[in-house]
Amino acid sequence: MKIKKAGIVKTGQFKLRSGAVSDLYCDVRKLFGDPKLLFAISRAICKMLPKGTTCVAGSGYGGLPFAAAV
């Protein structure tokens with residue numbers, strides 16, 4: 001999978017900002033260094049949005065530009 005090869009999706013033990021622990025971590029900020037992959041993922045997300053969606057919100061420093069790409 002391209003996102004795992006690009007180091008965006010990682011497995012292991014990760015302590016999240018919330019304090020929760022996860023065995024999966026997705027670093028969407030790394031997408032910004034790969035415009036083709038960012039476009040492909042954004043396009044796939046767009047296809048999942050309900051028809052008539054007019055706004056997409058993102059949180060955090062990585063989420064805002066990702067939401068803008070979507």
Side-chain angles (χ1 to χ4, degrees):
M1 192 176 237
K2 289 181 181 181
I3 57 175
K4 193 164 186 176
K5 192 180 246 186
I8 296 164
V9 174
K10 299 177 183 181
T11 55
Q13 288 291 305
F14 303 95
K15 186 171 183 180
L16 307 177
R17 263 188 229 172
S18 66
V21 176
S22 175
D23 59 351
L24 187 66
Y25 180 74
C26 183
D27 188 355
V28 296
R29 295 171 298 174
K30 288 191 174 193
L31 276 175
F32 309 135
D34 190 333
K36 288 181 181 180
L37 189 54
L38 174 61
F39 177 75
I41 291 173
S42 298
R43 189 170 179 199
I45 290 172
C46 285
K47 289 179 181 179
M48 293 187 283
L49 295 174
K51 283 202 179 275
T53 299
T54 59
C55 181
V56 176
S59 65
Y61 293 108
L64 295 173
F66 187 52
V70 170

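The model shown is predicted, which means the values in this text are computed figures rather than measured ones.
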Q | side-chain contact (heavy atoms from CB on, under 4.5 Å) between Leu37 and Ile8, worked out | A | CA-CA 11 Å; Leu37 189 54; Ile8 296 164; 3.7 Å; yes
Q.
For residues Phe32 and Ile3: do they belong to one hydrophobic cluster (side chain heavy atoms under 4.5 Å, members Ile, Leu, Val, Met, Phe, Trp, Tyr)?
A. yes
Q.
Assigning hydrophobic clusters by single linkage (Ile, Leu, Val, Met, Phe, Trp, Tyr; side-chain heavy-atom cutoff under 4.5 Å), is Leu16 placed with Val9?
A. no
Q | CZ (Phe39) with more than 12 external heavy atoms under 6.0 Å | A | no
Q: Check step by step if side-chain contact (heavy atoms from CB on, under 4.5 Å) holds for Gln13 and Asp23.
A: CA-CA 5 Å; Gln13 288 291 305; Asp23 59 351; 4.1 Å; yes
Q: Could you tell me which non-hydrogen atom of Ala57 sits nearest to which non-hydrogen atom of Ala67, and how far apart they are?
A: C-CB, 3.7 Å
Q: For Leu31 and Leu38, work out which heavy atoms get closest and say how close.
A: O-CB, 3.7 Å
Q: Indicate yes or no: at least one non-hydrogen side-chain atom of Leu24 is less than 4.5 angstrom from one of Phe14.
A: no
Q | Step-by-step side-chain contact (heavy atoms from CB on, under 4.5 Å) determination, Lys36 to Lys2 | A | CA-CA 11 Å; Lys36 288 181 181 180; Lys2 289 181 181 181; over 6 Å; no
Q.
Side chains of Leu49 and Val70, heavy atoms from C-beta outward: is any pair under 4.5 Å?
A. yes
Q | Shared hydrophobic cluster for Val56 and Ile45 (ILVMFWY, side-chain gaps under 4.5 Å) | A | yes
